[in-house]
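Encoded as structure tokens, the structure appears first; notes follow it.
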Amino acid sequence: MRGAVDRAGGAAEADRSGDGVSVRFAGYAAVFGKPDRGGDMIRPGAFAESLARGNAVPLLWQHKAGAVIGRVEHLSEDRRGLRVIAELGTGEEARRAASLLASGKLDGLSFGYRVREAGRRGDLRELIDLDLIEVSLVAEPMQPKARVHAVE
């Protein structure tokens, strides 16, 4: 596994009160080698340097700055893409996201980034090196294959 990062903390506390129930999920925020709706394609290894720095990456609701809905527990690159394991917090937006995840009405993942290196591959912009800024639960991801695959 290249560039794996485990995180113990986060800006939003997980639900450990009352019945002790918290919602965790796993999925892919990015998928390598597949064009997205905006004409970008991510090359394997694009997150390696960013992950190696080990900076905290917030879990946001729909890319909204300040709308932290949980904490990212694990990020890693594998052959498929950028794998994410996260836990939702207890705030209003986090509870809404948990309800939508549990009902199957929401399963999109996305990420915010800064481009460090890019190139062209035909009509596509190939993203070679990225700074990972955030991971978001979203209703409609730019990469249709960037989805939550498991909820517990």
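Just so you know, residue 1 is the first one in the sequence shown, and it goes up from there.
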CD of Glu117 to CZ of Arg43: how many Å apart, nearest 0.5 Å?
7.0 Å
How many angstroms lie between CG in Leu130 and OG in Ser50, if you round to the nearest 0.5 Å?
8.0 Å
For side chain to side chain contact (heavy atoms under 4.5 Å, CB included), just list the numbers for Leu75 and Val57, CA-CA rounded to whole Å, side-chain angles, deciding distance to a tenth of an Å, and then say yes or no.
CA-CA 9 Å; Leu75 289 166; Val57 176; 3.8 Å; yes
Under the side-chain hydrogen bond (donor to acceptor under 3.5 Å, both in side chains) rule, what pairs show up with a residue in residues 141-152, not counting sequence neighbours?
Arg24-Glu152, Asp107-Arg147
Any salt bridge between Arg71 and Glu73, counting N to O under 4.0 Å?
yes
Donor-acceptor contact present, side-chain Arg37 to main-chain Pro141, <3.5 Å
yes
Which distance, rounded to the nearest 0.5 Å, do you find between the CD of Glu49 and the CG of Leu132?
13.0 Å
Minimum side-chain heavy-atom gap Leu82-Leu51 below 4.5 Å:
yes
Measure across Met142 and Pro144 and return the closest heavy-atom pair with its distance rounded to 0.1 Å.
O-CD, 3.2 Å
Do Phe111 and Val115 land in one hydrophobic cluster if side-chain heavy atoms of ILVMFWY residues count as linked below 4.5 Å?
yes
To the nearest 0.5 Å, how far apart are CG in Leu137 and OG in Ser110?
10.0 Å
Minimum side-chain heavy-atom gap Gln62-Glu93 below 4.5 Å:
no
Above 12 or not: heavy atoms from other molecules or residues under 6.0 Å from CZ of Arg120?
yes
Does Glu77 reach the main-chain N or O of Gly45 with its side chain, forming a donor-acceptor pair under 3.5 Å?
yes
Please name the pair of heavy atoms, one in Ala118 and one in Ile128, separated by the smallest distance, quoted to 0.1 Å.
C-CD1, 3.9 Å
For Leu109 and Val138, run side chain to side chain contact (heavy atoms under 4.5 Å, CB included): C-alpha distance rounded to whole Å, both residues' side-chain angles, the deciding distance at 0.1 Å, then the answer.
CA-CA 6 Å; Leu109 283 170; Val138 297; 5.8 Å; no
Interatomic distance, Leu59 atom CG to Ile85 atom CD1 [nearest 0.5 angstrom]:
13.0 Å
Less than 4.5 Å apart, any side-chain heavy atom of Val68 and any of Leu60?
yes
Salt bridge (charged side-chain N to carboxylate O under 4.0 Å, His left out) with Arg83: which residues, sequence neighbours excluded?
none
Are His63 and Glu134 close enough, and set up right, to give a side chain to side chain contact (heavy atoms under 4.5 Å, CB included), and what steps lead you there?
CA-CA 8 Å; His63 296 294; Glu134 52 93 358; 2.5 Å; yes
Going only through I, L, V, M, F, W and Y residues with side-chain contacts under 4.5 Å, is there a path from Leu88 to Leu106?
yes
In chain order, what residues pass the side-chain hydrogen bond (donor to acceptor under 3.5 Å, both in side chains) check against Tyr28, with sequence neighbours excluded?
Asp78
Check whether Val31 and Val72 end up in the same hydrophobic cluster, where Ile, Leu, Val, Met, Phe, Trp and Tyr are linked by side-chain heavy atoms less than 4.5 Å apart.
no
Let me see the working for Leu101 and Val148 under side chain to side chain contact (heavy atoms under 4.5 Å, CB included), right down to the final yes or no.
CA-CA 8 Å; Leu101 276 172; Val148 171; 3.9 Å; yes
So, taking the atom named CD1 in Ile42 and the one named CG in Leu127, what distance separates them when rounded to the nearest 0.5 Å?
6.0 Å
Same apolar cluster: Trp61 and Tyr113, side chain cutoff 4.5 Å:
yes
Could you tell me whether Arg116 and Asp129 have a side-chain N and a carboxylate O separated by less than 4.0 Å?
yes
Is the closest side-chain heavy-atom distance between Met41 and Arg121 below 4.5 Å?
yes
Please check if the side chain of Ser103 supplies one atom and the backbone of Ser99 the other of a donor-acceptor pair under 3.5 Å.
yes
Heavy-atom closest pair (Ala29 atom, Val135 atom, distance to 0.1 Å) is CB-CG1, 4.2 Å
